[in-house]
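A short worksheet on the structure shown next.
Counting starts at 1 for both ligands and their atoms, in listed order.
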Amino acid sequence: GGSHVRSTLKGAESGIAAMAACYQRFDPASYLKYNYTPPRADFERKDSIVPWKLACLHRAFTEGDVSGELLVDIGSGPTLYQVLSGCEVFNKVILTDFLEINRQELRRWLRDEGGYNLDWTPYMEYVCKLEGRRYAWSEKAAKLRKVVKDVLPIDVHCPQPMAPDALPSGGADCLVSSFCLESVSPDLAAFNRALGHIGSLLRPGGHLLLIGALDESYYLGGPGVKIPVVPLNEAQVCASLKERGYTLMRLEVYTLPQDMRVGVDDVTGVFFVKAKKV
Ligand SMILES: Nc1ncnc2c1ncn2[C@@H]1O[C@@H](CSCCNC[C@@H]2Cc3ccc([N+](=O)[O-])cc3CN2)[C@@H](O)[C@H]1O
């Protein structure tokens, strides 16, 4: 009856409010150091996580079935690597995040203002190498600065995650989202709802490229800032996608070698999904 539903929704709201409170302590500089420097971002190592992610994204964006005008990155955080390949395929890219501090970090790089917390050059060089264009990282930087049109607020727990006029009426042609949904959802039900909410931003027939953590229960969003994560397994990810109206086209899983487990989280694996909205 009604009272049960009210208490359930109330529970969800308190879990989401608690999560938002955690994120007030998120520190972009620490987060970048924990996850986007060696060993997790070591371009000399074939088994490093970031090169694996960049290769998955490069392949997904360049195998011919992904096209259109507008690519939106959901929950960009303070990172740009998610759209280094996509910026060659779409002529408009919009980055999004819940925190102004992360949006500022991205804008600082996009406006070439200096004072960055991470050097993205090795990332751009690696993607250029994947594209068969050697030593063109400055062209990649220029392309990114030209194609990224905005950095906007988002809340994936809202049925309408972005402002009503943020996107063209048809929605985005493609979404990419990396390590966001499972890290902002108090439980699996919230993860499922959030997946549905972002789906409303995507046109039918559009693609979703989703990267996420497997079996993660927490990560450090800064020194001593322990942020809870809903632990997911592959079956749950596939079931959520199906339930929210996506057709799964590819699922790839990366298992972290021991020395990639550096104490900043308890992730055992990373999934890469390429899916299509029915
Ligand atoms: N309600 C919301 N809606 C949208 N975005 C929101 C909301 N709340 C917070 N956000 C926004 O979403 C956040 C995205 S960063 C979340 C970090 N994800 C977990 C972390 C990442 C990571 C990276 C690399 C590797 N690896 O193995 O190489 C493992 C892992 C696992 N640990 C953050 O930007 C926040 O600002």
Side-chain angles (χ1 to χ4, degrees), residues 12-13 15-42 45 47-54 56 72-82 95-106 117-118 123 151-162 166 175-186 190-191 193-195 197-198 201 210-222 225-232 253-272:
E13 283 155 13
I16 286 166
M19 188 60 82
C22 278
Y23 273 99
Q24 300 316 309
R25 301 171 62 217
F26 185 88
D27 171 40
S30 303
Y31 174 73
L32 289 167
K33 185 159 62 40
Y34 297 160
N35 293 294
Y36 293 98
T37 59
R40 289 187 164 189
D42 182 342
R45 274 188 61 169
D47 65 345
S48 183
I49 304 168
V50 165
W52 178 81
K53 291 192 277 187
L54 293 175
C56 288
V72 177
D73 180 25
I74 307 289
S76 306
T79 61
L80 289 157
Y81 72 89
Q82 305 90 295
L95 305 178
T96 68
D97 199 75
F98 183 71
L99 296 175
E100 175 56 19
I101 192 169
N102 284 332
R103 299 194 295 266
Q104 279 167 349
E105 180 84 15
L106 295 171
N117 282 304
L118 192 89
Y123 287 71
V151 184
L152 298 177
I154 192 165
D155 181 348
V156 297
H157 297 309
C158 296
Q160 193 175 59
M162 298 176 73
L175 299 180
V176 59
S177 185
S178 182
F179 293 112
C180 178
L181 301 188
E182 71 279 5
S183 310
V184 307
S185 300
F191 173 84
R193 284 196 302 275
L195 188 59
H197 297 159
I198 67 170
L201 302 172
L210 188 66
I211 297 178
L214 291 171
D215 300 326
E216 179 177 38
S217 69
Y218 81 91
Y219 78 99
L220 295 182
V225 183
K226 201 166 174 178
I227 296 182
V229 177
V230 55
L232 298 175
V253 174
Y254 167 98
T255 302
L256 269 72
Q258 209 45 44
D259 65 349
M260 294 284 161
R261 304 183 191 197
V262 295
V264 297
D265 52 43
D266 58 353
V267 179
T268 61
V270 178
F271 66 82
F272 175 83

Below 3.5 Å, can you tabulate the donor-acceptor pairs from side chains in residues 256-264 to any protein atom, sequence neighbours excluded?
unit_1, atom_1, unit_2, atom_2, d
Asp259, OD1, Arg45, NH2, 3.2
Asp259, OD2, Arg45, NH1, 2.6
Asp259, OD2, Arg45, NH2, 3.2
Arg261, NE, Leu256, O, 3.2
Arg261, NH2, Leu256, O, 2.8

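- With sequence neighbours excluded, no residue satisfies ring-ring contact (aromatic ring centres under 6.0 Å, His included) with Phe98.
- Looking only at distances, a side-chain donor or acceptor of Gln24 sits under 3.5 Å from a matching main-chain atom of Ala20.
- Checked against the 6.0 Å centroid criterion, the rings of Tyr254 and Phe272 do not qualify as a close aromatic pair.
- Contacts of Gln160 classified as side chain to side chain contact (heavy atoms under 4.5 Å, CB included), with partners at least two apart in sequence or in another chain: Pro164.
- For ligand 1, the 4.0 Å heavy-atom shell contains residues Tyr23, Tyr31, Asn35, Tyr36, Arg40, Ile49, Lys53, Gly75, Gly77, Asp97, Phe98, Leu99, Asn102, Ile154, Asp155, Val156, His157, Phe179, Cys180, Ser183, Val184, Glu216, Tyr219, Asp265, Val267, Val270.
- You'll find the side chain of Val184 reaches within 4.5 Å of the side chain of Val156, heavy atoms only.
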